[in-house]
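Below is one structure, written out as structure tokens; the observations come after it.
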2 protein chains.
Amino acid sequence: MSGSCDFFLADCPGRLAVELIADKWTVVVLAGLSAGPVRHGELVELIGGISRKVLTQTLRRLESHGLVRRQAYAEAPPRVEYELTPLGATLIEPIHVLTEWAREHGDAVLDAVSTQPVARHG
Amino acid sequence: MSGSCDFFLADCPGRLAVELIADKWTVVVLAGLSAGPVRHGELVELIGGISRKVLTQTLRRLESHGLVRRQAYAEAPPRVEYELTPLGATLIEPIHVLTEWAREHGDAVLDAVSTQPVARHG
DNA sequence: CCGTATCCCCTCCGATACTG
DNA sequence: CAGTATCGGAGGGGATACGG
């Protein structure tokens, strides 16, 4: 215990990380950007299920946190590309670990959910 | 597409992981349980800021996903302990990586946030 | 093509009070 | 001490339509 905060409780930096990724799309968007610059519309197609509004919101937040860089080109058909900043790229590793976990244990979770007839209480 | 899904887009298992942790408290609660069995009240004190109701909600969900085990003792002053299941313990590693990231890059994020007077657009 | 505004639902989460 | 019920606020996020 003590205040070591090996694992974040209270106001440790870990809380910041949670606040960053604790929503439906942030991690997915970051993953979508992990391979290189992508256009807005491409991301919508790539991710699937996210609305343009929410995608923009998510990107804006990531941009303001220094994780994503926005590049707009003044062309005839407007073109905007988003890419990870060096800082943003450092988040890919933790996300990758999470993905690995899901690939390995995802079935077990789904199994627990379906095998869950417990409903204590009575 | 195929099912390559090196990084989760669409319905890859990674999405499951996101849905699991994409809320304000899940990761924090898991972290709080990482050191061993803990009582309900202890968790409230330990975490700080979470209400008993929300803690219970979170624990219930984790229980139904097979990540947490609940142990109730029929004693004079009721005592209930929660602990990670073996499956739940496997999630500590990814969380730890995330914590490490925060410890290392948290300042950079906070810096970006404060250095962010941009407000493009007007 | 990119972005924003509006409307609306729905879930998360906190505060309080009450039962076992 | 543990848990539930209830209320209520706040905000995320989807659908749509419109502007640059």
Side-chain donor-acceptor contacts of residues 83-90 of chain A below 3.5 Å, not counting sequence neighbours, with atom names and distances?
{"from": "A:Thr85", "atom 1": "OG1", "to": "A:Gly66", "atom 2": "O", "distance (Å)": "2.6"}
{"from": "A:Thr85", "atom 1": "OG1", "to": "A:Leu67", "atom 2": "O", "distance (Å)": "3.3"}
{"from": "A:Thr85", "atom 1": "OG1", "to": "A:Leu87", "atom 2": "N", "distance (Å)": "3.4"}
{"from": "A:Thr85", "atom 1": "OG1", "to": "A:Gly88", "atom 2": "N", "distance (Å)": "3.0"}
{"from": "A:Thr90", "atom 1": "OG1", "to": "A:Leu87", "atom 2": "O", "distance (Å)": "2.4"}
{"from": "A:Thr90", "atom 1": "OG1", "to": "B:Trp101", "atom 2": "NE1", "distance (Å)": "2.8"}

Between [atom1] of [X] and [atom2] of [Y], what distance do you get to the nearest 0.5 Å?
X        : Y        : atom1 : atom2 : value
A:Glu100 : A:His105 : CD    : NE2   : 10.0 Å
B:Ile21  : B:Thr26  : CD1   : OG1   : 8.5 Å
B:Arg39  : B:Gln71  : CZ    : CD    : 13.0 Å

Ignoring the backbone of [X], work out which of [options] is nearest its side chain.
X       : options               : value
B:Arg60 : C:dG20, D:dT4, C:dC2  : D:dT4
B:Asp23 : C:dC13, D:dT4, C:dC2  : C:dC13
A:Val54 : D:dG20, C:dG3, D:dG14 : D:dG14

What heavy-atom pair brings B:Asp111 and B:Thr115 nearest, and what distance separates the two atoms? O-OG1, 2.5 Å

Please report the distance, rounded to the nearest Å, between [atom1] in [X] and [atom2] in [N].
X       : N      : atom1 : atom2 : result
A:Ile50 : C:dG3  : CD1   : P     : 13 Å
A:Glu81 : C:dC1  : CD    : C1'   : 13 Å
A:Leu59 : C:dC1  : CG    : P     : 17 Å
B:Leu55 : D:dA2  : CG    : P     : 10 Å
A:Arg79 : C:dC1  : CZ    : P     : 13 Å
B:Ile47 : C:dG14 : CD1   : P     : 11 Å
B:Leu46 : D:dC1  : CG    : P     : 16 Å
B:Gln57 : C:dC12 : CD    : C1'   : 8 Å

Does C:dC2 have OP1 or OP2 sitting under 4.0 Å from an N or O in the side chain of A:Arg39? yes

Presence of A:Trp25 side-chain N/O under 4.0 Å of D:dG14 phosphate oxygens OP1/OP2: yes

On DNA chain D, does the nearest nucleotide to B:Val80 precede the nearest nucleotide to A:Lys24 from the 5' side, or the other way round? Give the residue. B:Val80

At 10 degrees resolution, what angle do the end axes of the helix from C:dC1-D:dG20 to C:dG20-D:dC1 form when each is taken over five base pairs?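 Result, rounded to 10 degrees: 40°.
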
Sort and list the pairs that fulfil salt bridge (charged side-chain N to carboxylate O under 4.0 Å, His left out) and have at least one residue in residues 21-30 of chain A, not counting sequence neighbours.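 Salt bridge (charged side-chain N to carboxylate O under 4.0 Å, His left out) check on residues 21-30 of chain A returns A:Asp23-A:Arg61.
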
Heavy-atom distance under 4.5 Å between the side chains of A:Leu59 and A:Arg70, does that happen here? no

Indicate, with a heavy-atom threshold strictly under 4.0 Å, whether [X] touches base, sugar-phosphate, or nothing.
X       : value
A:Pro77 : nothing
A:Tyr82 : sugar-phosphate
A:Arg52 : base

Checking one residue: B:Tyr73. Which other hydrophobic residues are in its cluster under the side-chain 4.5 Å linking rule? none

Using salt bridge (charged side-chain N to carboxylate O under 4.0 Å, His left out) as the criterion, list what pairs up with A:Glu19, not counting sequence neighbours. none

Determine whether A:Leu33 and A:Val97 fall in the same hydrophobic cluster, where Ile, Leu, Val, Met, Phe, Trp and Tyr are linked whenever their side-chain heavy atoms lie under 4.5 Å apart.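 Different hydrophobic clusters.
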
Would you tabulate the nitrogen or oxygen pairs shorter than 3.5 Å linking the protein to nucleotides 5-9 of chain D?
{"from": "D:dT6", "atom 1": "O4", "to": "B:Lys53", "atom 2": "NZ", "distance (Å)": "3.4"}

